[in-house]
Colleague: 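Dropping a structure here in structure tokens format, bear with me for questions.
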There are 2 protein chains.
Amino acid sequence: METKQSGPGQGGLIGRPRGFDADEALERAMLVFWEHGYEGASLARLTNAMGISTTSMYAAFGNKEALFRKALERYTEGPSAYLPRALEEPTALGVATAILAGTVRTTTRPAQPNGCLGVQSALTVSDAGKEVRDLLVAWRDNGYSLIRERFQRAVDDGDLPPETDPRLLARYLTALGYGIAVQAASGVGRDELQEMADAALRNWPLS
Amino acid sequence: METKQSGPGQGGLIGRPRGFDADEALERAMLVFWEHGYEGASLARLTNAMGISTTSMYAAFGNKEALFRKALERYTEGPSAYLPRALEEPTALGVATAILAGTVRTTTRPAQPNGCLGVQSALTVSDAGKEVRDLLVAWRDNGYSLIRERFQRAVDDGDLPPETDPRLLARYLTALGYGIAVQAASGVGRDELQEMADAALRNWPLS
DNA sequence: CGACTTCTGCGGCGATCGATACAGAAGTCG
DNA sequence: CGACTTCTGTATCGATCGCCGCAGAAGTCG
């Protein structure tokens with residue numbers, strides 16, 4: 001579902017045009033969700049960061065949950081875009097190296113919140129947030145599946161030893177990624193995390 | 001700071017005695033915080049699970065934040081007690097193995113919430129929760145330091161190669177632990193996580 | 001211009017948040 | 001028993017939560 005009504009470019013050219021840039025506003029909202037989580041980000045804080053009123057937010061995005069879904073899409077295609085790129089590396093080791101390096105960079109970028117939006121936005125929630133928690137569980141599971149399938153292909157291609165279990169290898173890599181994200185959210189520095197990632201991949205492919 | 005007033009055993013024997021078991025109530029509160037996080041656990045839900053009124057909770061524990069601090073202490077001495085025990089293993093590999101095994105067991109116990117209270121209770125918070133978030137950052141950092149110091153001792157004792165960096169090794173192990181906790185919170189099963197932990201430690205000590 | 005459509009700001013909705021005031025119940029003391 | 005201390009249930013506080021009704025502003029159409 002796209003942003004409702006006007007928006008630059010496509011249909012709905014009659015009536016008063018929107019007075020703000022919906023993309024820019026969504027970017028700001030994503031950063032707030034990233035820093036404070038889904039339930040920790042209040043409408044007041046979100047709309048203040050977006051520079052619009054709650055009415056305009058509801059007209060453009062629907063409600064808080066819909067806004068979060070759009071913000072997660074934006075995160076997937078922006079800060080988290082290193083994942084699909086990493087999967088195109090020619091070797092499994094190259095894939096793993098690129099994933100961890102991308103995770104370290106994205107979770108410790110100075111101008112952005114620390115950590116990973118997909119991990120820290122809704123690990124625990126009140127009753128009202130269950131759907132968003134499940135959405136993020138599915139988001140993480142999708143990332144895991146992409147990695148597992150890539151490693152399966154590496155086994156099929158002979159890039160990884162035939163006795164390798166792509167499931168376990170993907171679990172291992174995602175665990176390291178989540179661990180990096182949690183440590184980044186806790187203030188651990190980029191260089192230290194990158195050194196750790198390098199050391200972790202010095203033994204490959206585990207067994 | 002102990003539980004205020006009565007409590008079975010020590011001072012304050014005059015006046016009406018407390019009508020509930022404070023330890024039992026704290027256990028229930030810990031489980032609610034574990035499942036829903038600090039801000040996701042409302043007073044209504046907490047006191048309902050504890051079987052007492054808000055008035056009794058405030059009289060016994062002070063306020064929500066103080067209740068959480070007590071619950072975290074209880075978590076540290078209960079579900080998380082595998083950590084200090086693991087540090088007493090004779091070899092660094094034994095320590096690492098015990099830590100990961102303890103993490104897997106604690107984060108996937110059927111009768112308890114999935115995941116780790118110390119990781120998922122307050123990764124992101126609203127303004128009101130900053131102190132609790134910082135408390136948990138310090139809690140995790142304390143765990144990391146204990147592991148790092150244990151590995152430093154292993155290097156000093158010749159159990160680990162002299163070129164080993166205890167900092168990186170501790171970062172690696174905590175990252176795996178956090179990664180296991182996040183996956184457990186997402187519903188990944190115990191056996192799969194334990195297999196992954198086993199595979200991760202098949203190469204040791206990394207470099 | 002006038003008709004029409006859409007967006008925006010103000011104000012407020014009911015619900016829930018964490019936290020308390022108050023009075024009576026339930027005990028231990030002399 | 002009566003004086004005293006503490007605990008408990010009810011009822012509610014002000015603040016904030018996500019959300020929306022309404023009227024006017026600001027545009028595009030003919």
Side-chain angles (χ1 to χ4, degrees), chain A residues 2-22 24-25 29 32-33 36-69 71 122 125-132, chain B residues 2-22 24-25 29 32-33 36-69 71 122 125-132:
Chain A
E2 273 296 318
T3 300
K4 294 174 181 175
Q5 307 304 354
S6 34
Q10 109 271 22
L13 289 135
I14 53 175
R16 176 176 173 181
R18 181 174 292 142
F20 61 95
D21 184 335
E24 172 85 15
V32 174
F33 280 131
H36 297 284
Y38 174 64
E39 295 195 298
S42 70
L43 255 311
R45 184 189 277 274
L46 284 163
T47 53
N48 184 64
M50 297 164 86
I52 61 177
S53 67
T54 65
T55 311
S56 297
M57 193 283 288
Y58 274 87
F61 300 99
N63 60 17
K64 188 185 181 183
E65 183 179 330
L67 176 63
F68 181 81
R69 296 183 116 94
V125 289
S126 73
D127 287 334
K130 283 185 176 179
E131 293 188 24
V132 169
Chain B
E2 272 298 318
T3 300
K4 295 175 182 175
Q5 306 305 352
S6 34
Q10 109 271 22
L13 289 137
I14 53 178
R16 178 177 171 180
R18 179 175 294 141
F20 61 95
D21 184 334
E24 172 85 15
V32 174
F33 280 131
H36 297 283
Y38 174 63
E39 295 194 298
S42 70
L43 255 312
R45 173 172 230 126
L46 284 163
T47 53
N48 185 64
M50 298 165 86
I52 60 178
S53 67
T54 65
T55 311
S56 297
M57 193 283 287
Y58 274 88
F61 299 100
N63 59 17
K64 189 186 181 185
E65 183 179 329
L67 176 64
F68 181 82
R69 297 184 115 93
V125 290
S126 72
D127 288 336
K130 285 186 175 180
E131 292 187 23
V132 169

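Below, chains carry the letters A, B, ... as their sequence lines are ordered, and counting in each starts from 1.
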Colleague: Rounding to an integer number of Å, can you tell me how far B:Y38 OH sits from C:dC17 C1'?
Modeller: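 Spelled out: OH on B:Y38 to C1' on C:dC17 is 12 Å.
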Colleague: Within a radius of less than 6.0 Å around CD of A:E131, do more than 12 heavy atoms belonging to other residues, nucleotides or ligands occur?
Modeller: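 Open.
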Colleague: From CG of B:L43 over to P of D:dA11, roughly how many Å is that when rounded to an integer?
Modeller: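 Roughly 19 Å, once rounded to whole Å.
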Colleague: Taking atom C1' of C:dT16 as reference, at what distance in whole Å does atom NZ of B:K64 sit?
Modeller: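 It is 12 Å, rounded to the nearest whole Å.
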Colleague: With heavy-atom distances below 4.5 Å as the criterion, would you say the side chains of B:M57 and B:L43 are in contact?
Modeller: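 Side-chain contact under 4.5 Å: yes.
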Colleague: It should be established whether A:Y58 places a side-chain nitrogen or oxygen under 4.0 Å from OP1 or OP2 of nucleotide D:dC20.
Modeller: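 Negative; the distance criterion is not met.
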Colleague: Using a 4.5 Å cut-off on heavy atoms from C-beta on, say whether the side chain of B:L46 contacts that of B:L67.
Modeller: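 Side chain of B:L67 against side chain of B:L46, heavy atoms only: contact under 4.5 Å found.
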Colleague: For A:M57 and D:dC17, give me the distance from atom CE to atom C1', rounded to whole Å.
Modeller: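 Atom CE in A:M57 sits about 13 Å away from atom C1' in D:dC17.
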Colleague: Would you find a donor on one side and an acceptor on the other, under 3.5 Å apart, between the side chain of A:E39 and the backbone of B:G40?
Modeller: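 Between the backbone of B:G40 and the side chain of A:E39 there is no qualifying donor-acceptor contact (under 3.5 Å).
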Colleague: Just how far, in rounded Å, is P of D:dC19 from CG of A:L67?
Modeller: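 It is 10 Å, rounded to the nearest whole Å.
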Colleague: Of the nucleotides D:dC20, D:dT8, C:dG18, which one has an atom closest to the side chain of A:T54?
Modeller: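 When the side chain of A:T54 is considered, D:dC20 is the closest of D:dC20, D:dT8, C:dG18.
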Colleague: Which is true for B:T55 with a 4.0 Å heavy-atom rule: it touches a base, it touches only sugar-phosphate, or it touches nothing?
Modeller: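 Result for B:T55 = base.
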Colleague: Within the structure provided, determine whether A:Y38 and A:E65 are in side-chain contact (heavy-atom separation under 4.5 Å).
Modeller: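 A side-chain contact under 4.5 Å exists here.
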Colleague: Closest approach to the side chain of A:S53, judged atom by atom: which nucleotide of D:dG9, D:dG18, C:dT8 is it?
Modeller: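 From the listed options, C:dT8 comes nearest.
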Colleague: Taking only the side-chain nitrogens and oxygens of B:S56, find out if one of them lies under 4.0 Å from OP1 or OP2 of D:dT8.
Modeller: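 Result: yes.
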Colleague: D:dG9 P sits how many Å from B:I52 CD1, rounded?
Modeller: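 One finds 9 Å between P of D:dG9 and CD1 of B:I52, rounded.
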Colleague: Taking only the side-chain heavy atoms of A:P17 (C-beta and beyond), determine which of D:dG27, D:dT6, D:dC19 contains the nearest atom.
Modeller: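 Of the options given, the side chain of A:P17 lies nearest D:dG27.
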Colleague: Look at the side chain of B:N63 and decide which nucleotide, out of C:dT8, C:dA25, C:dA19, has an atom nearest to it.
Modeller: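 So the side chain of B:N63 is nearest to C:dA19.
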Colleague: Can you check the A:L46 CG to D:dC19 P distance for me, whole Å?
Modeller: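 A:L46 atom CG is separated from D:dC19 atom P by 11 Å.
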Colleague: Could you tell me the Watson-Crick or G-U partner of C:dC4, where both distances fall under 3.5 Å? Say none if there is no partner.
Modeller: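 Pairing partner: D:dG27.
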Colleague: Within this structure, what is the CZ-to-P distance between A:R16 and D:dG24, rounded to whole angstrom?
Modeller: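 Atom CZ in A:R16 sits about 14 Å away from atom P in D:dG24.
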